[in-house]
Amino acid sequence: MRPVEVGWDAVVAAIDTGDLELVAGRVLRLDERARREVATALPGYLAVARKRAEARRQAREIRRQQVTEAAWREHVRAAARAGRTVSAHERWQRDTHWNPPWAPAADESWAAPMLVAGAAAIGGVAAVVAWLNRRDL
């Protein structure tokens with residue numbers, strides 16, 4: 001079993017998963033010096049975290065579109081083989097294998113993990129409250 005890394009890189013890796021418990025655990029495992037280092041680096045990571053989460057979301061959306069398009073085409077081919085005509089409105093029916101329900105993945109979240117990391121790393125009540133109330137989060 002690989003040892004869990006600690007420090008800024010480990011916190012960033014946890015933030016990128018979107019797992020709030022993992023983020024809190026990684027930050028709380030840090031010593032005071034490393035926690036201050038994380039608290040100092042977090043504001044500069046806001047834009048990066050947002051961009052990374054958006055890139056993961058876009059990549060997932062492209063894959064989802066490819067899969068659903070292939071499923072729709074197969075549905076149309078199967079209907080044609082059965083001698084059935086597919087109507088245009090059928091394509092947009094919900095909860096079908098060609099149009100499944102959509103839900104965001106955990107790693108598409110960036111604000112909540114950043115809030116947790118800041119709350120766990122930043123020292124002082126006033127500073128934590130300021131972090132939690134940032135407009136860009």
Give the intermediate values and the outcome of side chain to side chain contact (heavy atoms under 4.5 Å, CB included) for residues V12 and V48. CA-CA 10 Å; V12 166; V48 175; over 6 Å; no
Within a reach of under 6.0 Å around CD of E32, are more than 12 heavy atoms found that belong to other residues, nucleotides or ligands? yes
Charged N to carboxylate O below 4.0 Å: is that the case for R57 and E61? no
So does A106 get a backbone contact from the side chain of S109, meaning a donor-acceptor N/O pair under 3.5 Å? no
List the steps, then state whether side chain to side chain donor-acceptor pair (under 3.5 Å) holds for Q65 with E69. CA-CA 6 Å; Q65 287 174 358; E69 182 62 27; over 6 Å; no
What is the minimum heavy-atom distance between G118 and W131, and which atoms define it? CA-NE1, 3.3 Å
Whether R35 side chain and A121 backbone form a donor-acceptor pair below 3.5 Å: no
Begin from the C-alpha positions of R52 and Y45 and carry the test side chain to side chain donor-acceptor pair (under 3.5 Å) through to its verdict. CA-CA 10 Å; R52 283 182 170 183; Y45 190 66; 2.8 Å; yes
When you compare the side chain of T96 with that of W72, does any pair of heavy atoms fall below 4.5 Å? no
Of V27, L22, L42, V116, which meets side chain to side chain contact (heavy atoms under 4.5 Å, CB included) against I15? L42
For L132 and A119, the nearest pair of non-hydrogen atoms, with its separation, is CD2-CB, 4.2 Å
Steps toward salt bridge (Lys or Arg N to Asp or Glu O under 4.0 Å) verdict (E21, R26): CA-CA 9 Å; E21 289 181 26; R26 294 258 173 103; over 6 Å; no
Salt bridge (Lys or Arg N to Asp or Glu O under 4.0 Å) partners of residues 93-110, not counting sequence neighbours, each pair once: R56-D107, R60-D107, R60-E108
Donor-acceptor pair, W98 side chain versus R91 backbone, under 3.5 Å? yes
My understanding is that only residues two or more places apart in sequence, or in another chain, count here; which of them pass salt bridge (Lys or Arg N to Asp or Glu O under 4.0 Å) with D136? R134
Does atom CZ of R33 have more than 12 heavy-atom neighbours, drawn from other residues, nucleotides or ligands, at distances under 6.0 Å? no
Qualifying salt bridge (Lys or Arg N to Asp or Glu O under 4.0 Å) pairs with a residue from residues 112-132, counting only residues at least two apart or across chains: none
Salt-bridged, R81 to E74, with N to O below 4.0 Å? yes
Taking all heavy atoms of V86 and all of A79, pick out the closest pair and write down the distance. CG2-CB, 3.3 Å
Closest non-hydrogen atoms of T68 and P100, given as atom of the first, atom of the second and distance, are CG2-CD, 3.6 Å
